[in-house]
Amino acid sequence: MVVAIDGPAGAGKSTVARRLAQRIGAAYLNTGAMYRAVAWLAIRDGVDPNDVEAMATLAEAHEIELVPVEGGERVTVDRIDVTEATRAGDVTALVSTVAAHGAVRRVIVARQQAIIRRGDWVADGRDIGTAVAPNAEVKIFLTADPEVRAKRRFDELVAGGADVALGDILQQIATRDGLDMSRSESPLVVADGAHIVDTTDRPIDEVVDTIAELVGSARGGAG
Ligand code: CDP
């Protein structure tokens with residue numbers, strides 16, 4: 001079975017998806033990490049991020065893996081651990097430009113579909129319910145007010161030792177959401193059949209409970 005969790009930046013997707021996966025005995029697929037890896041490659045190799053063909057070739061040429069480890073997962077490119085680098089500000093600023101290219105998406109989506117072909121998965125991203133797994137048994141659109149999303153991302157970055165301003169984070173999130181929602185290839189939209197879950201005033205545990213119940217019903221009441 002596949003549980004698709006889509007939504008804008010900072011809605012809590014990865015936290016909810018990780019906990020839900022653990023709860024229901026599924027694996028977790030962080031699809032955004034793969035686009036971040038491609039953006040990281042563009043910076044490392046000095047490839048023009050607006051050159052669609054060069055970016056697709058770059059995505060194709062490198063092995064991008066998500067390696068589960070105790071308490072999380074690591075992102076590797078050609079077996080090199082790039083987890084921290086792909087969460088850095090320069091990659092975050094570039095990733096939505098890279099992810100807007102249809103030719104890049106085709107490479108990455110095909111790999112993601114191969115990964116989730118077997119077994120039970122919770123996958124989070126922007127196009128899971130619409131493109132990666134349109135037949136997902138449960139589809140969630142996770143959202144929250146922009147100020148709350150910015151504050152969550154700000155807290156995460158500060159906890160990681162970053163020196164950032166809340167206003168800048170709010171601005172970056174708005175820019176990235178704008179790009180993700182307005183692109184022509186698989187824009188961020190509410191997928192057909194998706195449950196909209198607003199996390200503005202709801203603790204993560206409660207949100208995980210709600211989705212776990214939906215999974216239970218989809219499994220025929222057994223979960
Ligand atoms: O920062 P956050 O965790 O919200 O984002 P992410 O999941 O790491 O995704 C980073 C970026 O990759 C998004 O802003 C999208 O531009 C792109 N992305 C996408 O286009 N499709 C996906 N399925 C996942 C991410």
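Hydrogens, waters and symmetry mates play no part in the numbers below; they use all other heavy atoms, side chains included. Atoms within each ligand, like the ligands themselves, are counted from 1 in listed order.
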### Task
Please tell me if the side chains of E63 and R79 come closer than 4.5 Å, counting only heavy atoms from C-beta onward.
yes
### Task
Give the atoms of ligand 1, by number and element, whose distance to some non-hydrogen atom of A9 is under 4.0 Å.
4 (O)
### For atom 10 (C) of ligand 1, closest protein heavy-atom neighbour
R176 NH1, 3.5 Å
### Summary
Within the 4.0 Å heavy-atom cut-off, what R87 brings close to ligand 1 is side chain
### Message
Consider side chain to side chain contact (heavy atoms under 4.5 Å, CB included). Of T92, V75, V98, which one does R36 pass it with?
### Response
T92
### 4.5 Å side-chain heavy-atom contact, V91 and I43
yes
### Query
With a cut-off of 4.0 Å, which atoms of ligand 1 are near a heavy atom of R36?
1 (O), 2 (P), 5 (O), 6 (P), 8 (O), 10 (C)
### Task
Without swapping roles, check the side chain of D124 against the backbone of A17 for a donor-acceptor pair under 3.5 Å.
no
### Query
Of all the atoms in ligand 1, which lie at a distance below 4.0 Å from a heavy atom belonging to K13?
4 (O)
### Query
Can you check whether D168 reaches V164 side chain to side chain, under 4.5 Å on heavy atoms?
no
### Message
Taking the side chain as everything from C-beta on, heavy atoms only, tell me whether L41 gets closer than 4.5 Å to V47.
### Response
no
### Summary
Among L29, V95, D180, the residue with a heavy atom nearest to atom 13 (C) of ligand 1 is D180
### Query
Taking the side chain from K139 and the backbone from G129, do they hold a donor-acceptor pair closer than 3.5 Å?
yes
### Query
Quick one: does Y35 get an N or O within less than 3.5 Å of an N or O on ligand 1?
no
### Query
What's the shortest distance from atom 21 (N) of ligand 1 to any protein heavy atom, and which residue and atom give it?
R105 NH2, 3.0 Å
## Note on the structure
atom 9 (O) of ligand 1: closest protein heavy atom, distance to 0.1 Å, is G32 CA, 3.6 Å
### Task
Considering only non-hydrogen protein atoms, determine which one is nearest to atom 24 (C) of ligand 1 and report residue, atom name and distance to 0.1 Å.
T31 OG1, 3.3 Å
### Summary
For G125, the atoms of ligand 1 under 4.0 Å from one of its heavy atoms are 22 (C), 23 (N), 24 (C)
### Query
Do R105 and R183 come close enough that some side-chain heavy atom pair is under 4.5 Å?
yes
### Query
Is the closest heavy-atom distance from R183 to ligand 1 below 4.0 Å?
yes
### M181, portion touching ligand 1 at heavy-atom distance under 4.0 Å
neither
### Numbered atoms and elements of ligand 1 in range of S96, under 4.0 angstrom, heavy atoms
14 (O), 16 (O)
## Note on the structure
A99 heavy atoms within 4.0 Å reach ligand 1 at atoms 16 (O), 17 (C), 20 (O)
### Task
Compare all side-chain heavy atoms of W40 with those of V77 and state whether any distance is below 4.5 angstrom.
yes
### Query
Should R153 be counted as touching ligand 1, given the test is an N or O pair under 3.5 Å?
yes
### Message
Please list, in number order, the atoms of ligand 1 under 4.0 Å from a heavy atom of D127.
### Response
21 (N), 22 (C), 23 (N)
### Message
Within the structure provided, determine whether T76 and I64 are in side-chain contact (heavy-atom separation under 4.5 Å).
### Response
no
### Task
Mark yes or no for whether R74, through its side chain, and V69, through its backbone, hold a donor-acceptor pair below 3.5 Å.
no
### Query
Which bit of R126 gets closer than 4.0 Å to ligand 1, counting heavy atoms only: side chain, backbone, both or neither?
both
